[in-house]
2 protein chains.
Amino acid sequence: MTELEQYVNSYFGVAEAGELAEISSLFKPEMIKKGDYFLLTGKAADRLSFIQTGILRVFVETANKEVTQWISTKGSFITDLSGFIFEKPARWTIQALTDTVLFTIKREDYKKIGVLMPKWHELEKLFIARCFITIEDRIFTHLSMTAEERYALFFEQNKSLFNEVPLQYIASMLGMTPETLSRIRKK
Amino acid sequence: MTELEQYVNSYFGVAEAGELAEISSLFKPEMIKKGDYFLLTGKAADRLSFIQTGILRVFVETANKEVTQWISTKGSFITDLSGFIFEKPARWTIQALTDTVLFTIKREDYKKIGVLMPKWHELEKLFIARCFITIEDRIFTHLSMTAEERYALFFEQNKSLFNEVPLQYIASMLGMTPETLSRIRKK
DNA sequence: GCTTCCACTTGACAAAAATCAAGAACATTT
DNA sequence: AAATGTTCTTGATTTTTGTCAAGTGGAAGC
């Protein structure tokens, strides 16, 4: 089983090998150089990708500052959900923080999966529900924790990320300034 | 068309009248008195309800304080998603802030919808995706706005709620103390 | 090897928000 | 109407976090 197949299976729980191979074959390799963009705010978000290697940052420009919404790493899927599912302009800009290898599926091919495999929509539903539950937890951290507590929790769960990406992006993602993160880390 | 049917239709986009009636018939009326609980953290969350009238508060007890995750009003659905979909113990406690009338569907009946109507899973997927996108926006408000800005935005979109529920719960939901909310409102 | 560019750190200060404590306003019950 | 209980407000203070500005350190390019 390829790594992609393993992940499709673990995220979506597709049991049968033939189906898994069929789905995976719709994903095509794609390379992005460090600093280049996977997606720009306002553009069509017509693809979903699996991160084979590399790190991507999901962010958006506001009047005052750039806000990093999320940092995605090897072994996860990436897209702008609103754009991909509802065919709206992308809300987020997505940039590679390292050289990145993706397996990408176009929206039109993605739609074929649901036709070929009727239970796919249910698996998708479960996948998105898990995403919802995860982000619900994240809201909770903002309602109930200080910056320091949010840092401690995130650091515990993502130690290696701190060597791999600029800390300012992690700070933004945690809802604090780079200075505050720096001071918390000094302790 | 009943109000329930209208909402099922507007949330899930079920086009056909017969299907809509069939789905709606699986929901049964349920009353909850002000102050009573719809769900307790740790218990089985085996039902999904549509709020016909009334207001419910989704919260959880932590070591120091009670954190209100969300306040749900007339015309929306309520459940503990993790508990309902994945059959896990409920993460949230849900309490009625006013006398409330619900239309409730049990998990076992809910599962029947997917069998009777194959496209249901896709509609569900789209519904949950919209929930995800909404909560993603909410994360963004915590990453990029001050307490005052979050208040202003929420007030703009939910003016009437401020006369209907204790402000302390709204404060918690917005990630600030009741005192801070009170001071912001004085302006 | 020097320069340039980032990213990060540090300090001083300002602003935002939390905490603690008291009291006022309001609704509910008796 | 009085009593009770809850919610909200206000003031004083502390803590947390942000802002601004300067400086350090390292990596990439020349």
Side-chain angles (χ1 to χ4, degrees), chain A residues 33-37 55-57 59 61-68 71 95-99 139-155 158-187, chain B residues 33-37 54-55 57 59 61-68 71 95-99 139-155 158-187:
Chain A
K33 283 255 165 269
K34 176 173 176 173
D36 285 353
Y37 294 92
I55 305 177
L56 295 162
R57 174 171 77 105
F59 70 99
E61 295 279 350
T62 73
N64 319 318
K65 55 185 172 184
E66 212 183 76
V67 177
T68 296
I71 296 170
Q95 183 183 30
L97 294 181
T98 64
D99 288 354
I139 289 283
F140 182 79
T141 67
H142 283 276
L143 300 185
S144 66
M145 294 181 181
T146 63
E148 189 164 347
E149 290 166 336
R150 287 198 303 278
Y151 164 75
L153 181 63
F154 186 78
F155 181 70
N158 301 274
K159 281 205 171 69
S160 62
L161 197 61
F162 287 77
N163 310 317
E164 295 166 350
V165 308
L167 296 176
Q168 56 180 318
Y169 301 141
I170 295 178
S172 174
M173 198 191 98
L174 292 174
M176 65 187 81
T177 61
E179 292 94 332
T180 296
L181 180 61
S182 175
R183 289 185 178 108
I184 287 171
R185 280 168 64 78
K186 198 164 63 163
K187 295 187 193 174
Chain B
K33 283 255 165 268
K34 177 173 176 173
D36 285 353
Y37 294 93
I55 305 178
R57 174 172 77 106
F59 70 100
E61 295 280 349
T62 72
N64 320 317
K65 55 185 173 184
E66 210 183 77
V67 177
T68 296
I71 296 170
Q95 183 185 30
L97 293 181
T98 64
D99 288 353
I139 289 283
F140 181 78
T141 68
H142 284 276
L143 300 185
S144 65
M145 294 180 181
T146 63
E148 191 166 347
E149 290 166 337
R150 288 198 303 277
Y151 164 76
L153 181 64
F154 186 78
F155 181 71
N158 302 274
K159 280 205 172 68
S160 63
L161 197 63
F162 286 77
N163 309 316
E164 296 165 350
V165 307
L167 296 177
Q168 56 180 318
Y169 301 141
I170 295 178
S172 175
M173 199 190 98
L174 292 174
M176 65 186 81
T177 61
E179 292 94 331
T180 296
L181 180 61
S182 175
R183 289 186 177 104
I184 287 171
R185 280 168 65 78
K186 197 164 62 162
K187 297 187 191 175

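The chains referred to below are lettered A, B, ... by the order of the sequence lines, with proteins before strands, and numbering in each begins at 1. Excluded from the calculations below are hydrogen atoms, water molecules and symmetry mates; all remaining heavy atoms, backbone and side chain alike, are included.
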[X] [atom1] to [N] [atom2], straight-line distance once rounded to whole Å:
{"X": "A:His142", "N": "C:dA18", "atom1": "NE2", "atom2": "P", "value": "14 Å"}
{"X": "A:Leu181", "N": "C:dT10", "atom1": "CG", "atom2": "P", "value": "12 Å"}
{"X": "A:Ile170", "N": "C:dA7", "atom1": "CD1", "atom2": "C1'", "value": "13 Å"}
{"X": "B:Leu174", "N": "C:dA17", "atom1": "CG", "atom2": "P", "value": "12 Å"}
{"X": "A:Ile184", "N": "C:dT10", "atom1": "CD1", "atom2": "P", "value": "14 Å"}

Hey, what do you get for [atom1] ([X]) to [atom2] ([Y]), rounding to the nearest 0.5 Å?
{"X": "A:Met145", "Y": "B:Thr62", "atom1": "CE", "atom2": "OG1", "value": "9.0 Å"}
{"X": "A:Leu174", "Y": "B:His142", "atom1": "CG", "atom2": "NE2", "value": "14.0 Å"}
{"X": "A:Leu167", "Y": "A:Leu161", "atom1": "CG", "atom2": "CG", "value": "9.0 Å"}

> Do the non-hydrogen side-chain atoms of A:Glu164 and A:Thr98 ever get within less than 4.5 Å of each other?
Replying inline: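 In short, these two side chains do not touch, never coming nearer than 4.5 Å.
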
> With a 4.5 Å heavy-atom cut-off, do A:Arg150 and A:Leu153 have their side chains touching?
Replying inline: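 Sidechains of A:Leu153 and A:Arg150: no contact.
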
> Between the axis at one end of the helix from C:dG1-D:dC30 to C:dT30-D:dA1 and the axis at the other (five pairs apiece), what's the angle to 10 degrees?
Replying inline: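 Answer for the end axes of this duplex: 40°.
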
> Start at the 5' end of DNA chain D and walk down; is the nucleotide closest to A:Glu148 or to A:Glu179 reached first?
Replying inline: A:Glu148

>> Treating A:Asp99 as the side-chain partner and A:Lys34 as the backbone partner, does any N or O pair qualify as donor plus acceptor under 3.5 Å?
In response: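 A pair under 3.5 Å: yes.
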
> Can you tell me if the side-chain N/O atoms of A:Ser182 get under 4.0 Å from OP1 or OP2 in C:dT9?
Replying inline: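 Yes, such a contact exists.
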
> With respect to the side chain of A:Leu167, which nucleotide from C:dC8, C:dT10, C:dA18 is positioned closest?
Replying inline: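 For A:Leu167, the side-chain atoms sit closest to C:dC8.
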
In residues 178-187 of chain A, what donor-acceptor pairs under 3.5 Å come from side-chain atoms, sequence neighbours left out?
{"from": "A:Thr180", "atom 1": "OG1", "to": "A:Thr177", "atom 2": "OG1", "distance (Å)": "3.0"}
{"from": "A:Arg185", "atom 1": "NH1", "to": "A:Tyr151", "atom 2": "OH", "distance (Å)": "3.2"}
{"from": "A:Lys187", "atom 1": "NZ", "to": "A:Glu148", "atom 2": "OE1", "distance (Å)": "3.2"}

> Sequence neighbours excluded, which residues qualify as side-chain contact (heavy atoms from CB on, under 4.5 Å) partners of A:Thr68?
Replying inline: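 Result, side-chain contact (heavy atoms from CB on, under 4.5 Å) vs A:Thr68: A:Arg57, A:Phe59, A:Ile71, A:Tyr169, A:Ser172, A:Met173.
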
> When you list every nucleotide of DNA chain D with an atom under 4.0 Å from a heavy atom of chain B, which one comes first 5' to 3', and which comes last?
Replying inline: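 The contact span of chain B on DNA chain D goes from D:dT7 to D:dA12.
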
>> Looking at every heavy atom in both A:Ser144 and A:Phe140, which two are closest together, and how far apart are they?
In response: OG-O, 2.8 Å

> How close do B:Lys65 and A:Leu143 get, heavy atom to heavy atom, and via which atoms?
Replying inline: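 Looking at all heavy atoms of both residues, the shortest contact is NZ-O, 4.0 Å.
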
Check nucleotides 12-16 of chain C for protein N or O atoms closer than 3.5 Å to its own N or O atoms and list the pairs.
{"from": "C:dA12", "atom 1": "N6", "to": "A:Arg183", "atom 2": "NH2", "distance (Å)": "3.3"}

Distances under 3.5 Å only, N/O to N/O: pair up the protein atoms with those of nucleotides 24-30 of chain C.
none

